[in-house]
Every structure is written in structure tokens, then in C-alpha cells.
2 protein chains.
Amino acid sequence: MPTARERVRAELTAEITAAARRQLAEVGAAALSLRAVAREVGMASSAVYRYFPSRDDLLTRLIIDGYDALGEAAEAADDPAAPPEQRWSAVCGAVRDWALAHPHEYALLYGSPVPGYSAPQDTVPAASRVGIVLGRILGDAARAGRLSGGGVRVPGLLGDAAVEVLGQDAPGIDDAVRVRALLAWSSLFGTVSFELFGHLVGSVEDADAYFARAVAELGALIGLD
Amino acid sequence: MPTARERVRAELTAEITAAARRQLAEVGAAALSLRAVAREVGMASSAVYRYFPSRDDLLTRLIIDGYDALGEAAEAADDPAAPPEQRWSAVCGAVRDWALAHPHEYALLYGSPVPGYSAPQDTVPAASRVGIVLGRILGDAARAGRLSGGGVRVPGLLGDAAVEVLGQDAPGIDDAVRVRALLAWSSLFGTVSFELFGHLVGSVEDADAYFARAVAELGALIGLD
DNA sequence: GCTCGGCGAGAGCGGTGCTCTCGTTCCGGT
DNA sequence: ACCGGAACGAGAGCACCGCTCTCGCCGAGC
């Protein structure tokens, strides 16, 4: 049973993060001002420090929330009953849609690191959610024998995290598959980032069609056909 | 014949950009402080405004210089006499090496856009240099008949810039090749960014070996074998 | 009922980008 | 040769930033 004090504290915390998210969407992460957040919530800047020890901690909160929202979008888009290549493109599309809808949050997650700020370990579980979805798709495809390629051993190349996300050794899953999954994962984000950060301006007319083709090519790269 | 005044102005401008680049390497773009630059050069902050109308203009200068430096590295790494897949991996390696050596400048070029700042048109030629190198490699490979795949028409998908960089229609070059080239370029960027921005920590043990494999996979994706 | 801890407000510190003014210095035309 | 004007550097000042400290308040637990 939370006391009244705890309740109002939780409410105020949520209100602060909501205002911070609004401010993030307006001015970006680097210019996120704790004072402006305080103004929007209607209290003195010093009072915010009762809830977040520093601006960086507020940023960490936003980062974790962002990873969770993106991960949730990816999970919601994945229908385990669908064929693998369809699951792949559905998840890719969901990631892109979320990025286009929340460009500043996406930039916070996958853009330049904020100088002087290093993400704490707390962010790792949330950050892994999209990777886990992709790993599940690949694992299912491999177990169903619908994953071509593979067969290469590259000891010492990958770390434990990759093996954990992409499943233990199983029929059809080896280091070559994991490497290609990682590559597809970073390529997907390269493609989304290029579009979002304006590097495709002038080169691509129809961004939707380009993305669809890119996802198909990357699916083929992984071994989904 | 430049007057003495013009000479000292050019010198001071160069000194300011040099100090700014040093500061950029230390604290990153978002924390780049014009006052600190002025301190390092040894003049009042207001005096710097005689040379750069605003902090953003100083940033633009750094961006153009960065694109030029990266483009130069890519051009230097490309040996037109070598086989295409070797040229591809050499240029990819040069891009990654430059990024690892100048992480903050790379983040400035390919990371989150600075909010409220939009790159002026002046940056486009410098930004295109790496793309042009990649386009030349693909064009040469296509003319030599060493590019597999292609054969797909996707009218209205790509813009003029892509056609310009990747050559007019030629035997072996069509929209499908250009799309894959763009995809390879953004995937390369995604791979480098993931490594640089820390998204591969825990998943990849041997970054050099991973990158080499990624480049090889991407080369195959383009159609180089 | 009283005390003590959480709380909000306000002032203050050193920093930022940017503007304005003021005295100087140098360049070009007469 | 000189003088007017343009370029220049310095300094003060404005509004903002993150963060700290102190102070008065108020509610929850002993």
C-alpha cells in the first residue's frame, strides 16, 4: 500500500518524464534543458533534483523508455505464425515506423552519444529487446530449416551477448548466421538512420519503396528467402 | 596579391578552426563551446564572431572539413587497378579507420543532426565524395562484367543524385544495382556506427574480424564476388 | 503532540551563445 | 601625405544553462 506521499511522488516523476519527452521532441537531446522541463511542470528547477539527481539521470530514464517503446513496437509487429521473411519485413517496418514517428528519441538511442554521458548498465535489457525479436525469428527459421547459408566457424569473433540473443548452437544456427544477423541488424539501423538523418535526400525519391527493397535485400542476405 | 590584413585574417581563421577541431575531438559537437575556442586561440569570445557569424557556421566549417578528410581517405585507399572486391574492402576499411581515428568528427557527420541546425547546401559536394568513390568502383566492375545481379527496373524510386553518383545507364548498371549500392553504403555506415557508438559491446569480441566479415558479406550483397 | 525527513522555492556560482558599444588600427582614395 | 571609413579586439551585458545550498514548510510516524 503506497502512502499518499509515494503516490504523488510517482505522479510527479511521470509528469516530469512526460514533459522531458515533449522537450526532447522539440529541441533534441543535446539541448534538453532541465530548467525548461521544470518550467513546463510548473516548479522550480531545483525541485526537479529531488526526483532526478542530474540531467544525465533524466536522460537515462528517457533512453530506457525509448528502448522499451521501440522494443514493444517490434514485439507487437512479430506474428510467430507467419513465414520468416514476412516476420522479418514486418519487424523492420515497425522499427522504421517507430523511428519516423519519434525521430528525436530514435536519435537519442542510435545517434551520436551525448558527450560526457555514458549509458549505464540498466539500459542493456531494454536495448536488447529488438535484437531478441530478430533472434527469435532467425532461430525459428533455422529450426524449421528455412535458413540457407551458414556453416562457418569463427571462434572468438562473437561475444556471449550475441550467442545469448541469437540462441545456443542449434541445427542451422552457427557463428556465420549470428554474424549475418548482427550485420542485418546494424544494416537495418544504418538504413533507417540514413533516411532519418537526411543522407538519402536527393538520392531516393520514394522512401517507402526504397526501404521495402532494402529490407528484402537484407532478408536475402541473412538467408531468408 | 592579398593584403597583410587578408593574410592575418586567413591565418586566424585557420587557427580558430584548428582549435575548434581540437575541442571537438575532446568534448564532442554538442558541447563545442565557442568561448573555449576563443580562450584557446587567446582572444575574446566576441572577437571570434568577426570570423564566424555564429557557432553553427563554425560547425558547418568543421562538417565540410570532415567530409573532405573522409572523402580523401576513401579516395586514397582506392586503387583503380585492383580487382573490384578488393577495392570495395579497401575503401570500407579506410572509412572505418578514419572513423575510429576521428570518432567525434564521424559522429558530427553521420550521427544525430544537431537540433535547430540544418546543413547548408555547401556541404553536399564534400559529403558526396565517398559515394562517388563507391560508385566508381561499381561502375568499373559493371563495365568489366564483374557485377552479378541487376535487371530490375524501379522507375521513380531513385533521385537524380543517385544516378549521377552511380553513373548513367550502362551495361550492368541499372536501378537494382544502384539500390544495392545505396544499401551497401548505408549498411557500411550502420556497421561503423554500431561499433563506434557502442552497440556491439558484448556481442562482438574481435571487432576487426567482424568488420572484415561484414564487408565481405556486403560485397556479396552488391554483386561483387 | 512533537520531531524529523521529504519537499519546494529562491539565491547563487560558473558556465554558455550572442549582442552592443567603444577605442584602436590599418587600407585605400584623394 | 593624409584622412575617412572599414575592420578589429576587448569588455560589459543579457538571458539562459546545470547544479548546489539554504531556508521555511508540511505531513507522517513515534
Side-chain angles (χ1 to χ4, degrees), chain A residues 1-17 19-24 26-63 104 108 113-118 120, chain B residues 1-17 19-24 26-63 104 108 113-118 120:
Chain A
M1 167 75 188
T3 71
R5 215 174 193 139
E6 285 170 340
R7 274 222 324 276
V8 70
R9 183 184 176 85
E11 272 176 33
L12 254 179
T13 305
E15 204 170 327
I16 290 173
T17 58
R21 217 167 354 256
R22 273 193 301 276
Q23 238 232 321
L24 178 69
E26 276 176 26
V27 299
L32 190 147
S33 146
L34 198 143
R35 279 176 127 110
V37 170
R39 263 197 305 274
E40 196 171 327
V41 178
M43 56 194 210
S45 70
S46 56
V48 179
Y49 283 85
R50 303 278 184 196
Y51 297 85
F52 293 94
S54 79
R55 177 180 168 276
D56 284 1
D57 290 85
L58 179 54
L59 254 158
T60 300
R61 178 78 264 151
L62 294 183
I63 289 176
H104 288 100
L108 177 63
V114 180
Y117 169 87
S118 95
Chain B
M1 166 78 187
T3 70
R5 205 168 201 149
E6 286 170 339
R7 274 222 323 276
V8 72
R9 182 183 176 86
E11 272 176 33
L12 254 178
T13 304
E15 203 170 328
I16 289 173
T17 58
R21 215 164 0 253
R22 273 194 301 275
Q23 237 231 322
L24 178 68
E26 278 175 24
V27 299
L32 190 148
S33 148
L34 199 142
R35 279 175 125 108
V37 170
R39 263 197 305 274
E40 197 171 327
V41 178
M43 56 193 209
S45 69
S46 56
V48 178
Y49 284 85
R50 303 280 183 193
Y51 297 85
F52 293 94
S54 77
R55 178 178 167 277
D56 284 1
D57 291 86
L58 180 54
L59 256 160
T60 299
R61 178 78 263 149
L62 294 182
I63 288 175
H104 286 101
L108 178 62
V114 179
Y117 168 88
S118 93

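Just so it is clear: chains get the letters A, B, ... in the order the sequence lines come, proteins before strands, and each one is counted from 1. Computed from heavy atoms alone, side chains included, the values below leave out hydrogens, waters and symmetry copies.
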Can you tell me how far apart [atom1] ([X]) and [atom2] ([Y]) are? Round to the nearest 0.5 Å.
X	Y	atom1	atom2	value
His104(A)	Leu62(A)	NE2	CG	13.0 Å
Arg7(A)	Glu11(A)	CZ	CD	7.0 Å
Leu32(A)	Gln23(A)	CG	CD	5.0 Å
Glu40(B)	Arg22(B)	CD	CZ	4.0 Å
Arg55(A)	Arg35(A)	CZ	CZ	13.0 Å

Partner of Leu59(A) by side chain to side chain contact (heavy atoms under 4.5 Å, CB included), out of Leu24(A), Leu108(A), Leu34(A):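 So, applying the side chain to side chain contact (heavy atoms under 4.5 Å, CB included) to Leu59(A) and each of Leu24(A), Leu108(A), Leu34(A), only Leu108(A) qualifies.
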Among Leu58(A), Val41(A), Thr17(A), Thr13(A), side chain to side chain contact (heavy atoms under 4.5 Å, CB included) partner for Tyr51(A):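 With Tyr51(A) as partner, Leu58(A), Val41(A), Thr17(A), Thr13(A) yield a single side chain to side chain contact (heavy atoms under 4.5 Å, CB included), made by Thr13(A).
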Atom-pair distance ([atom1] on [X]; [atom2] on [N]), nearest Å:
X	N	atom1	atom2	result
Glu15(B)	dC8(D)	CD	P	15 Å
Asp57(B)	dG17(C)	CG	P	14 Å
Leu34(B)	dT19(C)	CG	P	11 Å
Leu32(A)	dT16(C)	CG	C1'	16 Å
Phe52(B)	dC8(D)	CZ	C1'	16 Å
Arg7(B)	dC26(C)	CZ	P	13 Å
Arg9(B)	dC27(C)	CZ	P	14 Å

If you only use heavy atoms from C-beta on, which nucleotide in [options] is closest to the side chain of [X]?
X	options	answer
Met43(B)	dC17(D), dA10(D), dC18(C)	dA10(D)
Leu12(A)	dC18(C), dG8(C), dG9(D)	dG8(C)
Arg55(A)	dG9(D), dG8(C), dC19(D)	dC19(D)
Tyr49(A)	dA10(D), dT20(D), dA9(C)	dT20(D)
Tyr51(A)	dA9(C), dG9(D), dC7(C)	dC7(C)

Can you pull every protein N or O that's under 3.5 Å from an N or O on nucleotides 21-24 of chain D?
none

Derivation and outcome, side chain to side chain contact (heavy atoms under 4.5 Å, CB included), residues Leu12(B) and Met43(B): CA-CA 11 Å; Leu12(B) 254 178; Met43(B) 56 193 209; 4.3 Å; yes
Touch class at under 4.0 angstrom, heavy-atom based, for Ser54(B) against every strand present: sugar-phosphate
Sugar-phosphate only, base, or nothing, as touched by Leu58(B) at under 4.0 Å among non-hydrogen atoms: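 Answer is nothing: Leu58(B) stays at 4.0 Å or more from every strand.
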Chi angles and distances behind the side chain to side chain donor-acceptor pair (under 3.5 Å) call for Asp57(A), Ser54(A): CA-CA 5 Å; Asp57(A) 290 85; Ser54(A) 79; 2.7 Å; yes
Which atoms of nucleotides 14-16 of chain D (N or O only) lie under 3.5 Å from a protein N or O atom, and what are those distances?
none

